Amino acid sequence: AICDALGNDIELFSYMSSYGNMHYEKLIEAFKKIPQDLFKKAVNITDWGCGQAIASIAYLDFLNMKKIKQTIGRFCLIEPSEINIKRATLHIKKLNANTNIHTINKDIDTLSNQDFRKDQNYTHIHLFSNILDIDNFSMINLLNLIENNFFGSNYFICTSPYINYTKTMRVDGFVKHFSEKINFNMIESLDSQNGEWKNNWTRVIKKFNVTL
């Protein structure tokens, strides 16, 4: 579905054919157990470290596959590579031409509160695909950015490969921070090591919602 929707974008097709399939399938699996009530809400989607927007594309593709019509107010794409963020914007526009896209061409450590548009009228969906297990940015800075700029209802879909215990603990630490909030709800926590999922792929999936 994803390649059909994007037409002749050979570069993205090559990415998906080589190693993107695992990331894409991991995201689709994560979206399957999202509470159905979320799809009835108007949402803003923030794709952290979006690359070429595989996570956002997978979400739109999932909506299309399930024939779900959801109001998406805005995509916020955060990505340090200028080339990637331009391609990410193009890919999303191909799937949803009328989507409002806000791009932030920065890495996580250089983000500031002024980069974000505050909006409490929408539910926030945060996509973290292969980001939280990377240890070259400040987790404290990321947590502060979220708490300072995303008031109201927030849903987090966090996916990564299972690399080792230490990497997974970094993802778990992110979840634990929010688990101490009163309105925290863990939707799914799943770790699959080599041989425990299809094609011997690995996955870490953490999904939760919390009100900030």
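These figures come from a predicted structure and were not determined experimentally. Residue indices begin at 1 and follow the sequence shown. All values below come from the heavy atoms of this structure, side chains included, with hydrogens, waters and symmetry mates left out.
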(request) Report the distance from atom CG of Asn136 to atom CG of Asp107, rounding to the nearest 0.5 Å. (result) 8.0 Å
(message) Show the nearest heavy-atom pair for residues Leu132 and Cys158, with the distance to one decimal.
(response) CD1-SG, 3.7 Å
(message) In this structure, would Ile101 and Ile54 fall into the same cluster of hydrophobic residues linked by side-chain contacts under 4.5 Å?
(response) yes
(request) Report yes or no: does Glu79 contribute a side-chain atom to a donor-acceptor pair with the main-chain N or O of Gly51 at less than 3.5 Å? (result) yes
(request) Output, in order, the C-alpha distance, side-chain angles, deciding distance and verdict of side-chain contact (heavy atoms from CB on, under 4.5 Å) for Leu143 and Ile140. (result) CA-CA 5 Å; Leu143 293 169; Ile140 293 175; 5.5 Å; no
(request) Return the minimal non-hydrogen interatomic distance between Val171 and Ser160, and the atom names on each side. (result) CG2-OG, 4.2 Å
(message) Can you tell me how far apart CD (Glu82) and NZ (Lys86) are? Round to the nearest 0.5 Å.
(response) 4.0 Å
(message) Any heavy-atom pair between the side chains of Phe151 and Asp119 that's under 4.5 Å?
(response) no
(message) Please give me the minimum heavy-atom distance between Asn154 and Phe150, naming the atom from each residue.
(response) ND2-O, 3.0 Å
(message) What I'd like to find out is whether the side chain of Lys118 reaches to under 4.5 Å of the side chain of Asn113, using heavy atoms alone.
(response) yes
(request) Using the rule that two of Ile, Leu, Val, Met, Phe, Trp, Tyr join whenever any of their side-chain heavy atoms come within less than 4.5 Å, decide whether Leu95 and Ile85 are in one cluster. (result) yes
(request) Mark yes or no for whether Asn100, through its side chain, and Asn98, through its backbone, hold a donor-acceptor pair below 3.5 Å. (result) no
(message) Taking the side chain as everything from C-beta on, heavy atoms only, tell me whether Ile125 gets closer than 4.5 Å to Thr46.
(response) no
(request) May I ask you to test the Ile187-Asn209 pair for a side-chain heavy-atom distance under 4.5 Å? (result) yes
(message) With a 6.0 Å cut-off (strictly less than), is the heavy-atom count around NZ of Lys69, excluding the residue itself, greater than 12?
(response) no
(message) One pair to check against side-chain contact (heavy atoms from CB on, under 4.5 Å): His124 and Val43. What are the steps and the verdict?
(response) CA-CA 6 Å; His124 305 289; Val43 299; over 6 Å; no
(message) salt bridge (Lys or Arg N to Asp or Glu O under 4.0 Å) for Asp61 and Lys66? Distances and angles first, verdict last.
(response) CA-CA 9 Å; Asp61 217 15; Lys66 297 297 182 180; over 6 Å; no
(request) Return yes if a side-chain donor-acceptor contact under 3.5 Å exists between Ser138 and Asn141, otherwise no. (result) no
(message) Check Asp115 with Lys106, please: is the shortest side-chain N to carboxylate O separation under 4.0 Å?
(response) yes
(request) Following the transitive rule for hydrophobic clusters with a side-chain heavy-atom cut-off under 4.5 Å over Ile, Leu, Val, Met, Phe, Trp and Tyr, establish whether Tyr155 and Leu190 coincide in one cluster. (result) no
(message) Would you say NZ of Lys33 has more than 12 non-hydrogen atoms from neighbouring residues, nucleotides or ligands within 6.0 angstrom?
(response) no
(request) Report the distance from atom OH of Tyr24 to atom CD1 of Ile57, rounding to the nearest 0.5 Å. (result) 9.0 Å
(message) Exactly one of Phe128, Phe75, Phe174 should register a ring-ring contact (aromatic ring centres under 6.0 Å, His included) with Trp48. Which one does?
(response) Phe128
(request) Check the hydrophobic clustering (I, L, V, M, F, W, Y; side-chain heavy atoms under 4.5 Å; chains of links allowed) and say if Tyr122 and Ile104 are grouped together. (result) no
(request) Fit a plane to each ring of Phe31 and Tyr59, take the angle between them on a 0 to 90° scale, and name the class: parallel (under 30°), tilted (30 to 60°) or perpendicular (over 60°). (result) perpendicular
(request) Find the distance between CE (Met139) and CD1 (Ile134) and round it off to the nearest 0.5 Å. (result) 10.0 Å
(message) Any non-hydrogen side-chain atom of His177 less than 4.5 Å from a side-chain atom of Phe184?
(response) no
(request) Could you check Lys181 against Glu147 for salt bridge (Lys or Arg N to Asp or Glu O under 4.0 Å), going step by step and ending with a plain yes or no? (result) CA-CA 11 Å; Lys181 306 292 184 184; Glu147 293 207 353; 2.9 Å; yes
(message) Does any part of the side chain of Ile92, heavy atoms only, come nearer than 4.5 Å to the side chain of Leu60, both counted from C-beta?
(response) yes
(request) Kindly give the heavy-atom pair with the smallest separation between Ser129 and Leu27, and that separation in Å. (result) OG-CD1, 3.9 Å
(message) So does Arg74 get a backbone contact from the side chain of Asn44, meaning a donor-acceptor N/O pair under 3.5 Å?
(response) yes
(message) For a quick test of reading the model, state the closest non-hydrogen atom pair linking Pro80 to Asn105 and the distance between them.
(response) O-ND2, 3.0 Å
(request) Indicate yes or no for a side-chain donor-acceptor contact from Asn149 to the backbone of Arg117 under 3.5 Å, with no hydrogens or angles considered. (result) no
(request) Answer with yes or no whether the hydrophobic clustering places Ile34 together with Leu127; edges join I, L, V, M, F, W, Y residues whose side-chain heavy atoms lie under 4.5 Å apart. (result) yes
(message) Around atom NZ of Lys176, are there more than 12 heavy atoms from other residues, nucleotides or ligands closer than 6.0 Å?
(response) no
(request) Could you label the plane-to-plane angle of the His126 and Phe156 rings as parallel, tilted or perpendicular, counting under 30° as parallel and over 60° as perpendicular? (result) parallel
(request) Indicate yes or no for a side-chain donor-acceptor contact from Asp191 to the backbone of Arg203 under 3.5 Å, with no hydrogens or angles considered. (result) no
(message) Nearest 0.5 Å, please: how far is CG in Leu145 from OG in Ser112?
(response) 8.0 Å
(request) Look only at the side chain of Glu188 and the backbone of Ala30, and say whether a donor-acceptor pair between them is shorter than 3.5 Å. (result) no
(request) Indicate yes or no for a side-chain donor-acceptor contact from Ser56 to the backbone of Ala53 under 3.5 Å, with no hydrogens or angles considered. (result) no
(message) If I compare all heavy atoms of Cys50 with all of Leu77, which pair ends up nearest, and what's the gap?
(response) SG-CB, 3.8 Å
(message) Do Thr103 and Thr89 have side chains that approach each other closer than 4.5 Å (heavy atoms only, starting at C-beta)?
(response) yes
(request) Find the distance between CG (Asn183) and OG1 (Thr211) and round it off to the nearest 0.5 Å. (result) 4.5 Å
(request) Kindly indicate whether the side chain of Leu38, heavy atoms from C-beta on, has any atom under 4.5 Å from the side chain of Thr123. (result) yes
(message) Checking the side chain of Lys26 only, and the main-chain atoms of Thr159 only, is there a donor and an acceptor separated by less than 3.5 Å?
(response) no
